[in-house]
Number of protein chains: 4
Amino acid sequence: MSSRIRALPDGTGEDPAAEDSRWPELLKIAATTFAERGYRSTSLQDIADRFGVFKGSLYHYIRSKEDLLYEIMRGVLSDSVDDLRRHAGGEGDALERLRSVLRGHVRHLIDNLAETTVVLHEFGQLSEQRRRSLPVDEFHRTFTALIAQGQREGTVSPDLVPELAALALLGSVNHIYRWYRPGGGRSPDEIADQFATLLLRGLAHPNVPGSSIDGDEESA
Amino acid sequence: MSSRIRALPDGTGEDPAAEDSRWPELLKIAATTFAERGYRSTSLQDIADRFGVFKGSLYHYIRSKEDLLYEIMRGVLSDSVDDLRRHAGGEGDALERLRSVLRGHVRHLIDNLAETTVVLHEFGQLSEQRRRSLPVDEFHRTFTALIAQGQREGTVSPDLVPELAALALLGSVNHIYRWYRPGGGRSPDEIADQFATLLLRGLAHPNVPGSSIDGDEESA
Amino acid sequence: MSSRIRALPDGTGEDPAAEDSRWPELLKIAATTFAERGYRSTSLQDIADRFGVFKGSLYHYIRSKEDLLYEIMRGVLSDSVDDLRRHAGGEGDALERLRSVLRGHVRHLIDNLAETTVVLHEFGQLSEQRRRSLPVDEFHRTFTALIAQGQREGTVSPDLVPELAALALLGSVNHIYRWYRPGGGRSPDEIADQFATLLLRGLAHPNVPGSSIDGDEESA
Amino acid sequence: MSSRIRALPDGTGEDPAAEDSRWPELLKIAATTFAERGYRSTSLQDIADRFGVFKGSLYHYIRSKEDLLYEIMRGVLSDSVDDLRRHAGGEGDALERLRSVLRGHVRHLIDNLAETTVVLHEFGQLSEQRRRSLPVDEFHRTFTALIAQGQREGTVSPDLVPELAALALLGSVNHIYRWYRPGGGRSPDEIADQFATLLLRGLAHPNVPGSSIDGDEESA
DNA sequence: AATGAATGAGGCTTCATTCAT
DNA sequence: GATGAATGAAGCCTCATTCAT
């Protein structure tokens with residue numbers, strides 16, 4: 001919300017939350033439209049039409065089109081990184097926490113499909129300054145750290161390069177935005193389980209088949 | 001080349017003297033620029049500047065900007081699908097062929113980084129008709145078929161859903177275009193090996209550790 | 001007015017405050033310019049210059065250049081067909097009504113010289129769909145019907161083919177846009193009288209010289 | 001042909017007529033295309049396509065696109081004016097010669113439909129100098145003179161203004177290009193007869209019904 | 001907050017014409 | 001005569017943004 005413009009000519013502008021209620025709606029509309037058509041192929045007219053105002057009226061909410069893009073990304077990344085930190089800092093060994101992180105990431109992505117699509121597809125449209133201000137690297141850093149820790153713990157195969165393995169995991173999961181559609185036959189949980197199973201087995205030390213990699217549903 | 005515009009009033013043949021034309025050069029410039037800035041953020045003026053002609057002169061080579069996008073994709077996909085078919089139809093069991101497919105796919109992606117970036121990032125900018133004309137589904141279909149065959153052969157874990165596992169593999173590999181940069185410290189071969197190792201171990205039947213999944217190094 | 005572009009997000013009504021809009025002024029400028037130089041030889045820049053706005057601002061009024069052409073034609077044809085129907089359905093025998101139609105047509109053409117010029121000279125520039133939506137055939141149909149009725153009444157020579165005679169009349173009258181210039185020495189009424197006299201005498205049954213063909217002056 | 005360009009670097013250029021045979025073909029193609037789509041809406045590419053050469057090759061025949069327009073008009077007007085003069089200077093009284101002129105004009109128009117369409121529809125696209133060089137006024141002048149002479153001879157009604165009556169006649173006949181289509185059910189002769197009948201009766205002195213106005217087929 | 005007309009830059013595309021081969 | 005690549009101007013149209021009301 002930091003980008004909200006307020007004239008506040010009389011200094012009273014408390015910004016009552018109730019009055020302000022169209023901002024989340026606008027962000028959702030923008031995210032959905034950017035996700036469907038792409039940022040550059042979406043005009044503010046498109047968004048104004050869906051939002052039900054005239055084009056010029058959008059400037060009561062934003063200073064520029066890029067504000068919309070940035071706010072969408074900031075919002076969803078903020079949530080997503082919170083999730084990431086919580087799961088990465090949870091209980092269990094590195095692989096268990098990685099499973100938790102992976103499942104959380106899949107769920108978060110699916111629960112915020114439009115916003116995540118915007119982050120993953122339109123990041124390059126932001127100014128460099130704004131790109132640098134967003135914590136996008138934290139995912140790769142966290143994945144890499146957990147994999148390296150797994151190697152130290154002996155549960156992750158030592159022949160993998162943690163940085164590359166992290167990229168493989170991230171790619172698999174982030175790719176979901178390209179094919180997942182609600183009602184598409186696979187439940188979010190099934191997807192999360194399948195991906196975690198495949199990727200964690202891929203990481204695991206081949207000589208430790210009985211590790212935690214197969215998760216809760218399969219006891220060792 | 002089929003998009004070259006020629007009146008060919010005498011019907012003597014298709015595109016004579018194509019060898020010395022600047023068409024491949026133009027395609028490469030367009031691919032590079034689209035990959036760097038995005039299709040919608042690239043103007044024909046940008047491309048004409050790099051190509052060294054006036055904007056309007058591009059229309060000796062194309063009928064529309066979208067032609068450039070399409071021809072880039074058609075070219076690289078054609079090669080890529082040839083590769084895919086060759087590797088998928090090669091020798092060995094399903095996992096061995098899947099390894100071959102994965103490594104080939106990684107190599108091809110890296111060797112055609114700009115073009116692949118365009119395919120993977122700008123596919124949605126094509127008209128629906130053109131999207132349908134490109135064999136993009138063949139990757140997922142082939143991966144799925146090989147995984148399913150691996151399950152029948154007993155080398156792929158039966159608890160994986162082939163369609164989802166295929167998407168995990170594709171996501172990992174396709175994601176490479178987002179982070180690979182030539183001279184970035186990791187060689188294409190190392191990347192291909194690491195990804196194949198991780199992903200094939202992830203697919204493999206947990207109780208068959210001695211399968212072919214670890215490739216050439218033939219570890220026990 | 002139907003072509004005015006408005007998002008009208010609140011659905012409150014069609015084109016409020018149209019009274020003070022510049023739309024009629026724009027239509028008049030466009031008609032005049034199209035009549036002077038031809039539709040294809042007139043650029044939107046020409047029109048914008050005369051209208052006193054930037055080129056792109058015209059798109060607050062139209063969706064395309066052809067919209068201007070169409071709206072000019074629709075407006076003047078609507079009036080003209082109303083006139084036609086009124087005169088054709090008036091009092092008197094067929095020849096009297098035909099005289100009324102002819103004079104009305106001449107007057108309307110001269111009073112709307114630019115718009116009529118556009119209709120008669122640029123009709124072929126419209127899309128086929130828009131051409132079909134305009135009631136241009138009604139003139140020929142009405143003329144033909146009145147002539148045929150005159151034959152049944154015995155006042156029109158039976159050796160004329162009504163369809164061809166109607167085309168002769170229409171040609172004479174429509175041709176006026178090519179030579180009439182205000183202040184050119186001939187008053188609209190004189191032109192209307194002369195044309196009606198000549199054409200109605202041409203239609204009249206040669207053996208019925210005392211018919212109504214000479215109009216108000218009731219000469220024997 | 002005066003506009004034909006010839007390099008004649010060796011001074012030998014006799015321009016053997018046989019070799020030169022594509023010039024009339026080109027003119028015909030240009031006339032047809034201009035008539036169908038309009039001068040400004042026809043590109044030289046369109047014409048080159050139909051002519052079977054590349055666009056640039058047209059410049060071996062013309063110096064500019066307007067040359068084509070001009071040569072089409074010059075050619076057909078030259079013929080047409082010859083016809084006009086021949087018929088206007090023929091035997092008989094003014095009305096008889098006017099009948100001959102009218103029928104000749106109708107026939108010539110129909111026999112040169114594309115070229116006449118170009119003259120009548122695209123005259124305004126010529127430069128002013130070229131417009132002035134073409135004998136387009138001769139038709140109106142000749143019609144006016146014949147009508148005035150008819151008045152002196154007593155066969156044309158004295159209440160008509162010759163200039164206006166001439167415009168009525170010209171309008172009827174010239175209008176034919178807008179509706180005549182070969183194979184359309186009315187033969188050129190029928191059209192010529194009907195138009196001459198109607199228009200000459202319209203001119204004729206009402207009190208001289210037995211004049212020559214009804215032509216050869218009807219003896220008095 | 002909203003409106004809606006206008007801005008001004010820039011985008012894609014067309015096209016008559018030139019010219020070296 | 002022909003080619004075909006290139007020119008350079010111009011055309012139509014889009015759009016983020018501004019602003020008086």
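Proteins get letters first, then strands, A, B, ... in listed order; numbering begins at 1 in each.
Between W23(A) atom CH2 and dA1(E) atom P there is a gap of 12 Å when expressed in whole angstrom units. Protein atom CG of L68(C) is 15 Å distant from nucleotide atom C1' of dG11(F), rounded to whole Å. Spacing between atom CG of L58(D) and atom P of dC15(E) amounts to 14 Å, rounded to whole angstrom units. Rounded to a whole Å, the CD1 atom of I62(C) is 13 Å from the C1' atom of dT14(F). The CG-P distance, from L44(C) to dC12(F), rounds to 4 Å in whole Å. Atom C1' of nucleotide dC12(E) and atom CG of L69(B) are separated by 15 Å, given to the nearest angstrom. As a whole-Å value, the separation of D49(B) CG from dG11(E) P is 10 Å. The separation between H60(A) atom NE2 and dA16(F) atom C1' is 15 Å, rounded to whole Å.
Salt-bridge check for R40(D) with E122(D): failed, with every basic side-chain N at 4.0 Å or more from each acidic carboxylate O. Between R74(C) and D67(C) there is no salt bridge, since no side-chain N of the basic residue sits under 4.0 Å from a carboxylate O of the acidic one.
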Under the side-chain contact (heavy atoms from CB on, under 4.5 Å) criterion, do Y61(B) and R22(B) qualify, and how do the steps go? CA-CA 9 Å; Y61(B) 299 89; R22(B) 301 186 64 196; 3.9 Å; yes
Worked verdict on L68(A) versus F34(A) for side-chain contact (heavy atoms from CB on, under 4.5 Å): CA-CA 10 Å; L68(A) 277 177; F34(A) 290 161; 4.1 Å; yes
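Taking for each of F51(C) and T42(B) the nucleotide of DNA chain E with the nearest heavy atom, the 5'-most of the two is the partner of F51(C). If you find the closest nucleotide of DNA chain E to D46(B) and to R40(C), the one lying nearer the 5' end belongs to D46(B). Take the nearest nucleotide of DNA chain F for S43(A) and for G52(B): the residue whose nucleotide is more 5' is G52(B).
Distance from the side chain of K55(B) is smallest to dA10(F) among dC13(F), dT17(F), dA10(F). Nearest to the side chain of K65(C), among dC13(F), dA5(F), dT17(E), sits dC13(F). When distances are taken from the side chain of R22(D) to each of dC15(E), dA2(F), dC12(E), the shortest belongs to dA2(F). Out of dT7(E), dG10(E), dA6(F), the shortest distance to the side chain of F54(C) is found at dT7(E). For Y61(B), taking side-chain heavy atoms from C-beta onward, the closest of the listed nucleotides dT17(E), dG11(F), dA5(F) is dA5(F).
Ring geometry for H121(A) against H121(B) counts as parallel: the plane angle stays under 30°, on a 0 to 90° scale with 60° as the upper cut.
Remark: dC19(E) base-pairs with dG4(F); criterion is Watson-Crick or G-U wobble with both hydrogen-bond distances under 3.5 Å. The base-pairing partner of dA1(E), taking Watson-Crick or G-U wobble contacts with both distances under 3.5 Å, does not exist among the strands shown.
Among the protein residues, S57(B) comes within range of the nucleic acid bases, having at least one heavy atom under 4.0 Å from a base atom.
Phosphate proximity of dT13(E) to Y59(B): present, with a side-chain N or O under 4.0 Å from OP1 or OP2.
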